[in-house]
Amino acid sequence: MSIGDKVRRAIARRLASLADDGVFGEAGPSAVRAATSWTVERPKRAEHGDLATNVAMTLTKAVGKPPRVIAEALVKALEGDAVIASAEIAGPGFVNLRLHPSVFHEELAEILLKGRGYGRAPSATGERINLEFVSANPVGPITVAAARNAIFGDTVGRVLEAAGARVTREYYINDFGNQVRLFAASIRAISDGQPVPEEGYKGAYIEELATFMKANDPKAFESEETLSRAGIGWMLSGVPGSKTMVGIQRSLSLLGVDHDVWTNEEALHRSGKVGMALAKLERGGYLEKKDGALFFVGKGTESEDKDRVVQKSDGNYAYFASDIAYLADKMNRGYDRVMIVLAIDHHGYVPRFKNAFEALGYPPEKFEVLLYNFVYIVRNGEVVKMGKRAGNFVTSDDVIEEIDEATGRVGAGKDALRFFYLSRTANVKVDFDIELAKKASLDNPVFYVQYGHARLCSILKKAAELGIESPTDLSPSEWTSLASPDELAITMRLSELPALIAGAAEMREPHRVAFYVQELAKDFQSYFTRFKADPILPRDSDRKDPEWNKTWDMNKTRARLAWVQATRVVYRTALELLGVDAPERMDKPADAESDESE
RNA sequence: GCGCCCGUAGCUCAGCUGGAUAGAGCGUCGGCCUUCGAAGCCGAAUGUCGUAAGUUCGAAUCUUACCGGGCGCGCCA
């Protein structure tokens with residue numbers, strides 16, 4: 001049980017017995033037991049205690065007594081409590097609480113016991129969720145803008161998994177229809193030395209692709225169909241050795257994103273799943289023929305102003321038809337919930353998707369669209385229009401590579417880009433200034449967080465060098481020497497991880513994890529620097545005396561080393577949820593060193 | 001016209017399932033390295049929370065209207 005839960009339970013119990021004693025009048029006993037909306041939270045200001053509750057204020061109405069009267073009774077009843085050491089009334093009726101140190105020690109013991117499992121659901125027995133994301137048009141590389149989809153979607157997946165869900169990550173390959181024909185035509189034109197068609201694809205990547213295919217995959221040119229299929233295959237896997245044609249799958253992998261299932265739109269048509277899904281809607285009376293075309297008529301919970309075409313009057317299916325088939329296909333595979341990550345310009349599709357989902361016979365609340373806002377690429381203060389057709393886009397590979405070089409660490413670019421996107425809510429738009437990307441990357445808070453983790457590791461490493469064991473199981477009496485308010489306050493922060501994960505998963509808000517770990521890093525780095533005069537480990541000067549270990553308080557060192565390890569556990573879990581590395585050491589980038597010597 | 005998203009410090013953004021004196025990073029100014037990592041720490045300055053009403057003991061947070069910015073309303077994909 002978390003610290004917050006323990007405190008909550010203690011308060012609830014005291015309140016219930018006060019009510020039973022008639023302190024809150026006739027309505028007391030039932031009112032107190034019915035009240036659930038009150039909170040136990042860490043106050044903004046440290047002098048307000050370890051935790052505070054608003055229970056007295058929320059009970060006022062139901063009980064018919066002023067907040068301070070309720071609070072006074074509660075404070076009195078809490079005297080001698082095993083969890084709460086002291087309580088006092090503050091402000092309009094808050095009850096500020098201070099806890100016994102043993103409560104923190106128990107939490108640390110639990111963190112060390114559970115390790116990586118701390119804060120996570122005990123087992124993956126929750127919903128089976130199909131999470132579709134990225135699904136970028138496969139006729140071009142992954143851009144920095146698409147990387148937002150990839151990173152947001154992937155991190156939602158990580159957080160949901162930590163909360164117990166079983167998540168399948170899925171990519172929908174739109175390899176059907178007009179854009180694919182144009183793509184094939186563009187490849188053929190380039191390989192024939194002809195100009196690409198008016199609406200075709202241009203740019204270095206497709207030239208490289210065409211040149212490569214001409215030399216290595218001549219059979220692909222037999223027909224337009226083989227050409228488009230092979231071309232998309234190479235888009236996914238990449239051109240060997242190429243920097244401009246890294247391949248969608250590898251680009252995603254470099255972002256720390258890996259999909260479990262790749263579904264082709266073309267295969268949905270070829271296998272007849274589109275026809276089957278429409279037949280099902282037909283039976284339900286959801287289709288209507290008008291002007292030679294077939295329309296989906298939504299009758300679901302979402303209001304829609306008009307009917308949507310599924311089969312055009314020329315006999316071709318509209319894109320929406322394969323969307324419907326794809327939804328049916330996913331649910332036929334046995335998921336409890338279907339989620340799709342889409343850019344905000346798709347918000348108009350949500351009602352028709354939901355109605356189609358409902359028309360297929362599924363509860364609409366089991367379908368979710370997670371929307372995220374645009375990424376605007378900015379160069380010298382001006383927004384740059386990116387387009388695959390024009391070929392003037394910035395790929396995530398470019399950005400990652402540049403940051404890797406600037407920091408001198410492979411993986412730093414991925415970490416910086418992930419943290420950059422995860423440091424804001426999904427529904428705010430982002431400016432990505434590519435000229436500043438390199439410089440700004442060195443200021444990326446992710447490195448600050450990682451530095452904190454490296455410092456923790458450094459303490460443990462140093463302890464090992466000194467021959468001091470870092471224990472992971474201490475007895476209650478051994479823990480007592482861990483008593484500094486700073487260490488206990490950080491422990492309070494550590495204890496928030498389980499609720500944080502649950503909240504981030506429920507709200508589909510991975511940015512909460514990014515802000516949490518940043519706050520944790522700040523707490524720790526501040527503590528670490530301020531306590532230099534009271535080091536965890538004996539310094540060289542302390543060990544000059546050969547008898548030093550007789551006077552040194554080794555109990556305190558051991559308790560603090562255990563605390564360091566628990567802090568590291570929480571750091572690592574948070575970083576893992578963000579898909580960010582937790583390096584054990586960080587070397588100062590070359591640029592920063594030269595700045596220093598100037 | 002209708003619908004969705006956004007508007008919080010000089011800049012970029014948290015806080016929005018209502019709580020105490022509205023926070024962080026960057027930037028600015030002033031301090032701190034002989035000792036567990038200075039990619040660090042400490043301190044200072046900076047706000048009509050877009051505007052106006054309403055609900056409430058209490059509103060950045062909920063409701064309504066308005067203002068400003070973005071996006072969506074195809075037999076396109």
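Note: hydrogens, waters and symmetry copies are ignored here, and every other heavy atom, side chains too, is used. By convention in this document, chain letters (A, B, ...) are assigned in the order of the sequence lines, proteins followed by strands, and residues within each chain are numbered from 1.
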Asker: Looking at every strand, decide which applies to A:Ala343 at a 4.0 Å heavy-atom threshold: base, sugar-phosphate, or nothing.
Answerer: nothing

Asker: Using purine N1 to pyrimidine N3 plus N6-O4 or O6-N4 for Watson-Crick, or N1-O2 and O6-N3 for G-U wobble, each under 3.5 Å, what pairs with B:U21?
Answerer: none

Asker: Using the C1' atom on both, measure B:U63 against B:G18 and round to a whole Å.
Answerer: 13 Å

Asker: Pairing check on B:C62: which nucleotide meets the Watson-Crick or G-U wobble criteria with it, both distances under 3.5 Å?
Answerer: B:G54

Asker: Can you tell me if A:Arg530 touches the phosphate of B:C32, counting only side-chain N or O atoms and a distance under 4.0 Å to OP1 or OP2?
Answerer: no

Asker: Can you check the distance between B:G72 and B:G25, where both ends of the measurement are the C1' atom (answer in whole Å)?
Answerer: 33 Å

Asker: Hey, mind stepping through A:Tyr372 and A:Tyr421 against ring pair (Phe, Tyr, Trp, His ring centres under 6.0 Å) and telling me if it holds?
Answerer: CA-CA 11 Å; A:Tyr372 67 96; A:Tyr421 282 137; 8.8 Å; no

Asker: Please work out whether B:C33 sits syn or anti, treating a glycosidic angle within 90° of 0 as syn.
Answerer: syn

Asker: Where the side chain of A:Ala318 is concerned, which of B:A20, B:C36, B:A77 is the nearest nucleotide?
Answerer: B:A77

Asker: If the plane angle is over 60° it's perpendicular, under 30° parallel, otherwise tilted; pick one for A:Tyr527 and A:Trp563.
Answerer: perpendicular

Asker: Pick base, sugar-phosphate or nothing for A:Met507, based on heavy-atom distances below 4.0 Å to the nucleic acid.
Answerer: nothing

Asker: Walk along nucleotides 6-16 of chain B from 5' to 3' and tag each nucleotide B, S or - by protein heavy-atom contact under 4.0 Å, base first, then sugar-phosphate.
Answerer: S-----SSSS-

Asker: Identify whether any heavy atom of A:Asp291 sits under 4.0 Å from a base atom; if not, whether one sits that close to sugar-phosphate; answer base, sugar-phosphate or nothing.
Answerer: base

Asker: Need the pair for B:G43. Rule: Watson-Crick or G-U wobble, both distances under 3.5 Å, any strand; none if unpaired.
Answerer: B:C29

Asker: With centres under 5.5 Å and planes under 30°, do A:Phe528 and B:C36 count as stacked?
Answerer: yes

Asker: Taking NZ, NE, NH1 and NH2 as the nitrogens, is one of them in A:Arg560 or A:Asp534 under 4.0 Å from a carboxylate oxygen of the other?
Answerer: yes

Asker: Measure from the side chain of A:Ile459, starting at C-beta and using heavy atoms only, and say which of B:G40, B:G74, B:C36 lies closest.
Answerer: B:C36

Asker: Under 5.5 Å between ring centres and under 30° between planes: true for A:His48 and the base of B:A20?
Answerer: yes

Asker: If I pick the P atom on B:A53 and the same atom on B:G10, what distance separates them, to the nearest angstrom?
Answerer: 24 Å

Asker: B:A24 and B:G47: how far apart are their P atoms, nearest whole angstrom?
Answerer: 15 Å

Asker: What does B:C49 pair with, Watson-Crick or G-U, if both distances are under 3.5 Å?
Answerer: none

Asker: If you only use heavy atoms from C-beta on, which nucleotide in B:C75, B:A77, B:G37 is closest to the side chain of A:Ala293?
Answerer: B:C75

Asker: Using a heavy-atom cut-off of under 4.0 Å over every strand shown, decide if A:Asn54 touches base, sugar-phosphate, or nothing.
Answerer: base

Asker: Between B:C36 atom C1' and A:Arg539 atom CZ, what is the distance in whole Å?
Answerer: 9 Å

Asker: Output, in order, the C-alpha distance, side-chain angles, deciding distance and verdict of side chain to side chain contact (heavy atoms under 4.5 Å, CB included) for A:Thr53 and A:Ile11.
Answerer: CA-CA 9 Å; A:Thr53 179; A:Ile11 292 169; 3.9 Å; yes

Asker: Report, as yes or no, whether the 6.0 Å neighbourhood of atom CD on A:Glu225 holds more than 12 heavy atoms from other residues, nucleotides or ligands.
Answerer: no

Asker: Using a cut-off of 4.0 Å on non-hydrogen atoms, how would the nucleic acid contact of A:Ser526 be classed: base, sugar-phosphate, or nothing?
Answerer: sugar-phosphate

Asker: In the strands shown, is B:C75 matched to any nucleotide by a Watson-Crick or G-U wobble pair with both distances under 3.5 Å, and which?
Answerer: none

Asker: How is A:Ala533 classified with respect to the nucleic acid when contacts are heavy atoms under 4.0 Å: base, sugar-phosphate, or nothing?
Answerer: nothing

Asker: Quote, to the nearest angstrom, the C1' distance that separates B:C26 from B:U46.
Answerer: 14 Å

Asker: Show, in sequence, the C-alpha distance, side-chain angles and deciding distance for A:Val430 and A:Asn373, and conclude whether the side chain to side chain contact (heavy atoms under 4.5 Å, CB included) test is met.
Answerer: CA-CA 7 Å; A:Val430 169; A:Asn373 215 320; over 6 Å; no

Asker: Applying side chain to side chain contact (heavy atoms under 4.5 Å, CB included), run through A:Tyr571 and A:Thr567 and close with a yes or a no.
Answerer: CA-CA 6 Å; A:Tyr571 254 92; A:Thr567 305; 3.9 Å; yes

Asker: I want to check one thing: is the phosphate of B:C41, taken as OP1 and OP2, less than 4.0 Å away from some side-chain N or O of A:Lys522?
Answerer: no

Asker: Categorize A:Tyr317 for me: base, sugar-phosphate, or nothing, with a 4.0 angstrom heavy-atom threshold over every strand shown.
Answerer: nothing

Asker: Classify A:Phe176 by what it touches in the nucleic acid, base, sugar-phosphate, or nothing, heavy-atom distance under 4.0 Å.
Answerer: sugar-phosphate

Asker: Give the intermediate values and the outcome of side-chain hydrogen bond (donor to acceptor under 3.5 Å, both in side chains) for residues A:Arg572 and A:His453.
Answerer: CA-CA 8 Å; A:Arg572 265 174 35 178; A:His453 178 264; 4.9 Å; no

Asker: Assuming nearest nucleotide by heavy-atom distance, tell me which of A:Thr58 and A:Asp540 is located more 5' along RNA chain B.
Answerer: A:Thr58

Asker: In whole Å, what is the span from the CG atom of A:Asp523 to the C1' atom of B:C41?
Answerer: 13 Å

Asker: Report the base-pairing partner of B:G37 (Watson-Crick or G-U wobble, both distances below 3.5 angstrom), or none.
Answerer: none

Asker: Which nucleotide in the list B:G74, B:G72, B:A24 gets nearest to the side chain of A:Gln518?
Answerer: B:A24

Asker: Step by step, would you call A:Arg585 with A:Gln450 a side-chain hydrogen bond (donor to acceptor under 3.5 Å, both in side chains)?
Answerer: CA-CA 9 Å; A:Arg585 48 173 289 193; A:Gln450 290 178 318; over 6 Å; no

Asker: Using the C1' atom in both, what is the distance from B:U8 to B:C16, to the nearest Å?
Answerer: 11 Å

Asker: Taking atom CZ of A:Arg42 as the centre, report whether more than 12 heavy atoms of other residues, nucleotides or ligands fall under 6.0 Å from it.
Answerer: yes

Asker: Taking the same atom, C1', in B:C67 and in B:U51, what whole-Å distance lies between them?
Answerer: 7 Å

Asker: What distance, rounded to whole Å, do you find between the two P atoms, one in B:G58 and one in B:A45?
Answerer: 31 Å

Asker: Round to a whole Å and report the spacing from NZ of A:Lys461 to C1' of B:C36.
Answerer: 12 Å

Asker: As a test of reading the structure: which of B:G40, B:C36, B:G74 is closest to the side chain of A:Phe531, going by heavy atoms?
Answerer: B:C36

Asker: Students often get this wrong, so: under 4.0 angstrom with heavy atoms, is A:Tyr349 touching a base, only sugar-phosphate, or nothing?
Answerer: base

Asker: To the side chain of A:Tyr376, which of B:G37, B:A24, B:G70 is closest?
Answerer: B:G70

Asker: Classify the nucleic acid contact of A:Asp433 as base, sugar-phosphate or nothing, counting any heavy atom under 4.0 Å across all strands shown.
Answerer: nothing

Asker: Within this structure, what is the CG-to-P distance between A:Asn444 and B:A24, rounded to whole angstrom?
Answerer: 19 Å

Asker: Name the nucleic acid region contacted by A:Tyr451, choosing base, sugar-phosphate or nothing; use a 4.0 angstrom heavy-atom cut-off, strictly under.
Answerer: base

Asker: Any side-chain N or O of A:Lys312 less than 4.0 Å from the OP1 or OP2 oxygen of B:C76?
Answerer: yes

Asker: OP1 or OP2 of B:G37 versus the side-chain N and O atoms of A:Ser458: is any pair under 4.0 Å?
Answerer: yes

Asker: Under 6.0 Å from the NZ atom of A:Lys273, do we count more than 12 heavy atoms belonging to anything else shown?
Answerer: no

Asker: Could you check how far CZ of A:Arg352 sits from P of B:G72, rounded to whole Å?
Answerer: 13 Å

Asker: Rounded to the nearest 0.5 Å, what's the gap from CD1 on A:Ile206 to OG on A:Ser186? Could you check?
Answerer: 4.5 Å

